[in-house]
Amino acid sequence: MKRGELVQLLETCCSQISISQLHSQFLKVGLADDSFIATKLSSFYANYASIKYARKLFEETPRRTVWLWNSVLRSYCGEREWEETLFLFRQMIIEAVSAEKKPDNFTVSIALKSCAGLHGLRLGRMIHGFAKKEKLDMDMFVGSALIELYSKCGQMNDSGKVFMEYRKPDVVLWTSMVTGYEQNGCPEEALAFFSRMAVSERVIPDPVTLVTAASACAKLSDFKRGSSVHGVVIRQGLDTKLSLANSLLNLYAKTGSIKNAANWFRAMPNKDIISWSSLVACYADNGAGTNALDLFNEMIDKGIKPNSVTVVSALQACAATSNLKEGAKIHSLAVDYGFELDISVATALIDMYMKCLSPENAVDLFKRMPKKDVISWAALLSGYAQNGMANTSMGIFCNMLSEGTRPDAVAMVKILAACSELGILQQAACLHGFVIKTGFNSNVFVGASLIELYAKCSSIDNAENIFKGMTDKDVVTWSSMIAAYGLHGKGEEALKLFHHMVNNSDVKPNNITFLSVLSACSHAGLIKEGIDMFNMMLNEFQLKPNAEHYGIMVDLLGRMGELDMAMDIINHMPVPVEPHVWGALLGACRIHQNMKMGEIAAMNLFSLDPDHAGYYILLSNIYAVDENWHNVAKLRRVVKENRLKKIQGQSVVEVKNEAHSFVAADRLHAESDLTYEVLRKLEANMREECCVPQVQIEEILQAPVKGVQNLKSQSRSSPV
DNA sequence: GTAAGTGTTC
């Protein structure tokens with residue numbers, strides 16, 4: 001066969017089999033090193049077959065043209081093999097002795113894209129310099145790769161400089177800028193660019209631009225601007241395009257109600273795994289864990305294979321609803337699909353097991369993970385704190401540091417929260433030092449956590465200093481300081497700070513701020529002020545109180561003996577009454593010995609949360625004071641027969657810079673006998689002073705120590 | 001003769 005005929009055959013080849021046969025034909029007639037044919041073949045392999053064939057062909061071709069180089073570079077770049085791409089690029093430069101092999105605009109754009117993939121700013125800048133020298137930098141493809149490179153490295157200024165070089169940037173260049181801002185956490189700037197492009201410059205946005213714009217609106221929770229993006233999508237007849245429909249679904253998920261998102265999802269003519277994952281995530285994020293799991297199961301029943309992202313969201317739903325059974329089911333599903341040890345899946349599993357109070361499973365998984373990142377470490381250490389083992393959290397934090405993982409702001413917040421469970425000032429100060437050293441002290445979330453930490457370590461002065469030292473105070477900072485005063489019973493100070501914030505700063509109070517100020521009023525017994533604040537929240541700031549706000553109001557009124565008012569609030573709550581609200585009323589009934597109302601609260605609690613032993617015990621305490629021994633016995637029997645366990649509170653004391661943790665009736669500590677001996681002496685002293693302790697030591701010691709397995713006493717020296 | 005920027009997650 002002649003060369004021409006073979007080339008024509010090559011053009012019409014459409015399967016890997018036929019191209020392989022043709023390839024062997026070329027080899028037979030000695031045409032395989034014909035540079036045109038080699039490039040064509042390589043391009044075919046890169047597009048439709050495996051990268052291995054392309055590479056083999058490349059190696060076997062003695063006369064490599066720029067085209068051949070480009071086509072093999074493109075295959076590696078397409079497979080996201082950034083390092084290999086750049087390795088080959090370097091080879092090419094080395095071999096570029098003749099002008100024929102000089103990298104062209106195509107080569108440069110691929111190399112830049114690989115640098116972007118690796119966040120390799122230094123090499124990227126070098127290649128940028130090379131492109132300038134070779135006068136390749138005005139090519140649009142090179143330009144978009146440069147913008148992408150600088151954006152991925154967080155250098156939006158440089159992206160802007162590249163963009164400014166073009167007199168008439170095309171839609172892709174504009175879009176690169178929009179996505180650059182959007183992915184660098186600047187959705188506002190992204191939308192500004194988008195409107196400059198679409199309105200001032202009359203460049204018609206394409207699907208990619210619109211996806212990014214919708215995503216920026218989602219990040220801002222800006223429903224209004226999101227709707228106008230949706231309008232553009234409809235006007236261009238693009239609303240059935242899957243990627244756009246998905247980004248609009250995400251927009252509804254992040255801005256509107258669950259209902260909007262669900263309706264949009266059901267109306268979508270085509271759905272892919274991303275559509276399903278988005279709605280599962282939407283349910284999971286918005287407190288609708290059961291819906292998330294239903295949807296996930298619907299998907300499985302329909303035979304649609306979830307990916308790791310879907311599984312992560314479904315696991316989040318299990319974690320939020322403490323659904324260990326479903327969580328374990330999804331775990332085995334992840335094993336079947338082969339992504340159990342995928343870093344994000346494994347981390348979500350750790351989080352789920354920790355929140356379902358099954359730390360053993362979490363630790364087992366963590367140990368088996370081949371790769372861990374800062375998020376997995378953070379899940380582990382905050383999980384320990386959630387399971388009452390804050391001491392272990394501190395140790396995990398040290399392990400993380402010694403294994404060379406740098407904490408991010410989230411991990412910092414979590415370790416500070418774990419430390420605040422311990423309430424040990426010494427360790428708080430150590431972590432504070434670490435925060436300063438690592439430069440996290442300017443982060444608003446870390447600052448707020450420090451305020452909370454010091455407040456919980458009984459050092460309100462330090463909390464105040466942190467607060468005063470924060471240059472950027474946002475609503476979280478103010479709320480934390482208000483909460484700190486509340487924790488210390490300083491209701492007046494909390495109110496003063498609240499008013500100072502409302503009158504003298506630009507920061508507006510939110511739901512959390514009111515939670516802090518209401519709880520401060522409750523702790524300080526400021527009943528009138530609390531009611532005023534609650535009304536202010538409703539009327540002046542038009543905020544919708546949630547079950548927690550109502551719980552605090554019930555607590556506040558209940559503590560002050562206003563049980564009828566508290567009951568009235570419960571009866572008029574516009575949101576579902578959660579167990580803790582009834583719990584607050586029941587607690588108040590115990591203080592003020594109101595048996596009738598206590599019974600109502602308890603009955604509601606028993607039906608809402610039948611496994612919580614604490615509520616049975618609270619009611620039985622009310623009966624006991626009333627000497628209603630018959631009912632006391634009845635309740636104790638229920639607890640015993642249903643094997644209900646009271647979640648044990650763990651206490652920690654600091655002795656000579658060492659933290660010692662213990663639980664009630666704990667006899668596992670090495671110095672246990674001595675501790676109880678001292679306690680008996682103290683009790684005797686109290687009796688001499690005519691004080692009768694509420695609970696007697698012998699009573700505590702008779703209590704079973706079951707259910708304390710993983711809370712065994714531990715003593716270790718300060719780790720930080 | 002090859003070609004760009006985007007959507008779901010811990």
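Reminder, nothing fancy here: chain letters follow the sequence lines and each chain counts from 1.
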Novice: Would you mind reading off the distance between A/Leu112 atom CG and B/dG5 atom P, rounded to a whole angstrom?
Specialist: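 A/Leu112 atom CG is separated from B/dG5 atom P by 11 Å.
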Novice: Classify the nucleic acid contact of A/Ser109 as base, sugar-phosphate or nothing, counting any heavy atom under 4.0 Å across all strands shown.
Specialist: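 No contact.
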Novice: Using only modelled atom types and a 3.5 angstrom limit, is any donor from either the side chain of A/Asp170 or the base of B/dA4 paired with an acceptor on the other?
Specialist: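 A donor-acceptor contact between them is present.
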Novice: Among the candidates B/dT9, B/dG5, B/dT8, find the nucleotide nearest to the side-chain atoms of A/Ser278.
Specialist: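 That would be B/dT8.
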Novice: Should we say atom NZ of A/Lys241 is surrounded by more than 12 heavy atoms from elsewhere, each under 6.0 Å from it?
Specialist: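 It does not: A/Lys241 NZ has 12 such atoms or fewer within range.
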Novice: Quiz question: going by heavy-atom distance under 3.5 Å, is there a donor-acceptor pair between the base of B/dG5 and the side chain of A/Ser176?
Specialist: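 Counting by modelled atom types and ignoring angles, no donor-acceptor contact under 3.5 Å is found here.
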Novice: A/Phe339 CZ to B/dT9 C1': how many Å, rounded?
Specialist: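 Those two atoms, CZ and C1', are 12 Å apart.
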Novice: Given B/dT9, B/dG5, B/dT6, which nucleotide is nearest the side-chain atoms of A/Thr209?
Specialist: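 For the A/Thr209 side chain, the nearest candidate turns out to be B/dG5.
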Novice: Any idea which of B/dC10, B/dA3, B/dT8 is nearest the A/Asp139 side chain?
Specialist: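 When the side chain of A/Asp139 is considered, B/dA3 is the closest of B/dC10, B/dA3, B/dT8.
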Novice: With a 3.5 Å cut-off and no angle check, do the side chains of A/Ser247 and A/Asn250 form a donor-acceptor pair?
Specialist: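 The criterion, which ignores hydrogens and geometry beyond distance, is not satisfied for A/Asn250 and A/Ser247.
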Novice: Using a heavy-atom cut-off of 4.0 Å across all strands, would you classify A/Leu242 as base, sugar-phosphate, or nothing?
Specialist: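 The answer is base, as A/Leu242 lies within the cut-off (heavy atoms under 4.0 Å) of a base atom.
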Novice: Between the base of B/dT8 and the side chain of A/Ser277, is there a donor-acceptor distance below 3.5 Å?
Specialist: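 Check passes, donor-acceptor contact within cut-off.
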Novice: Between A/His230 and A/Trp264, does the ring centre distance come in under 6.0 Å?
Specialist: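 Judged by ring-centre distance (under 6.0 Å), A/His230 and A/Trp264 do meet the cut-off.
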Novice: Give one of base, sugar-phosphate or nothing for A/Asp272, where a contact means two heavy atoms less than 4.0 Å apart.
Specialist: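 Answer is base: heavy atoms of A/Asp272 come under 4.0 Å of a base.
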Novice: For A/Met140, answer base if it contacts any base atom (sugar-phosphate contacts may also be present), sugar-phosphate if it contacts only those atoms, and nothing otherwise; contact means non-hydrogen atoms under 4.0 Å.
Specialist: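 The answer is base, as A/Met140 lies within the cut-off (heavy atoms under 4.0 Å) of a base atom.
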Novice: Answer with base, sugar-phosphate or nothing: what part of the nucleic acid does A/Asp373 contact at a heavy-atom distance below 4.0 Å?
Specialist: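 Nothing: the residue A/Asp373, judged by heavy atoms under 4.0 Å, touches no strand.
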Novice: Whole angstrom is fine here: how far is it from CZ in A/Phe265 over to C1' in B/dT8?
Specialist: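 In whole Å, B/dT8 C1' and A/Phe265 CZ are 12 Å from each other.
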Novice: What is the distance from CG of A/Leu295 to C1' of B/dT9, rounded to the nearest Å?
Specialist: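 Whole-Å distance recorded here is 15 Å.
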Novice: Would you please indicate yes or no on a ring centroid separation below 6.0 angstrom for A/Phe89 and A/Trp69?
Specialist: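 No, too far apart.
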Novice: Could you check whether A/Trp67 and the base of B/dG1 form a stacked pair, meaning centres closer than 5.5 Å and planes differing by less than 30°?
Specialist: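 Here the ring of A/Trp67 and the base of B/dG1 are stacked, with centres under 5.5 Å and planes under 30°.
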Novice: What about the rings of A/Phe265 and A/Trp276, do their centers lie closer together than 6.0 Å?
Specialist: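 Aromatic pair counts; centres sit under 6.0 Å.
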Novice: Base, sugar-phosphate or nothing for A/Asn70? Non-hydrogen atoms, less than 4.0 Å.
Specialist: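 Base, at least one base heavy atom under 4.0 Å.
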Novice: Does B/dT9 have OP1 or OP2 under 4.0 Å away from a side-chain N or O of A/Gln316?
Specialist: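 So the side-chain polar atoms of A/Gln316 never come under 4.0 Å of the phosphate oxygens OP1 or OP2 of B/dT9.
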Novice: B/dT2 P sits how many Å from A/Leu88 CG, rounded?
Specialist: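 That distance rounds to 21 Å.
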Novice: Taking only the side-chain heavy atoms of A/Asp104 (C-beta and beyond), determine which of B/dA4, B/dT2, B/dC10 contains the nearest atom.
Specialist: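 Looking only at heavy atoms from C-beta outward on A/Asp104, the closest nucleotide is B/dT2.
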Novice: Look at the side-chain N and O atoms of A/Gln183 and state whether any lies under 4.0 Å from the OP1 or OP2 oxygen of B/dG7.
Specialist: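 So the side-chain polar atoms of A/Gln183 do come within 4.0 Å of the phosphate oxygens OP1 or OP2 of B/dG7, strictly under.
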Novice: So which nucleotide from B/dG5, B/dC10, B/dA3 ends up closest to the side chain of A/Asp206?
Specialist: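 Of the options given, the side chain of A/Asp206 lies nearest B/dG5.
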Novice: May I ask you to verify if any side-chain N or O of A/Lys113 is less than 4.0 angstrom from the OP1 or OP2 atom of B/dA3?
Specialist: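 Negative; the distance criterion is not met.
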Novice: Under 4.0 Å between any heavy atoms, over every strand shown, what does A/Lys254 touch: base, sugar-phosphate, or nothing? Just pick one.
Specialist: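 A/Lys254: backbone/sugar contact only, no base atoms under 4.0 Å.
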Novice: Nearest-Å distance, CD1 (A/Ile330) to P (B/dT9)?
Specialist: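 A/Ile330 atom CD1 is separated from B/dT9 atom P by 16 Å.
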Novice: Quick check for you: among B/dT8, B/dG5, B/dC10, whose closest atom lies nearest to any side-chain atom of A/Thr175?
Specialist: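 The nucleotide sitting nearest to the side chain is B/dG5.
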Novice: Relative to the ring of A/Phe163, is the ring of A/Trp174 parallel (under 30°), tilted (30 to 60°) or perpendicular (over 60°)?
Specialist: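 Answer is perpendicular, since the angle exceeds 60°.
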Novice: When the distance from CG of A/Leu136 to C1' of B/dA3 is rounded to whole Å, what number comes out?
Specialist: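 For the pair A/Leu136 CG and B/dA3 C1', the rounded distance is 14 Å.
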Novice: Could you tell me whether A/Ser243 contacts a base, only the sugar-phosphate backbone, or nothing, with contacts defined as non-hydrogen atoms closer than 4.0 Å?
Specialist: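 Base, at least one base heavy atom under 4.0 Å.
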Novice: Base, sugar-phosphate, or nothing for A/Ser376, non-hydrogen atoms under 4.0 angstrom?
Specialist: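 Here A/Ser376 touches no strand at all.
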Novice: Return the value, rounded to whole Å, for the distance between atom CH2 of A/Trp174 and atom C1' of B/dT6.
Specialist: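 In whole Å, B/dT6 C1' and A/Trp174 CH2 are 18 Å from each other.
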Novice: Between A/Tyr181 and A/Phe193, how do the two ring planes meet: parallel, tilted or perpendicular, split at 30° and 60°?
Specialist: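 Rings of A/Tyr181 and A/Phe193: tilted, 30 to 60°.
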Novice: Is there a side-chain contact between A/Lys355 and the phosphate of B/dC10, meaning an N or O under 4.0 Å from OP1 or OP2?
Specialist: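 No, no such contact exists.
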Novice: Need one value for A/Val171: base, sugar-phosphate or nothing, where a base atom within 4.0 Å counts as base even if backbone is also close, heavy atoms only.
Specialist: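 The residue A/Val171 makes base contact.
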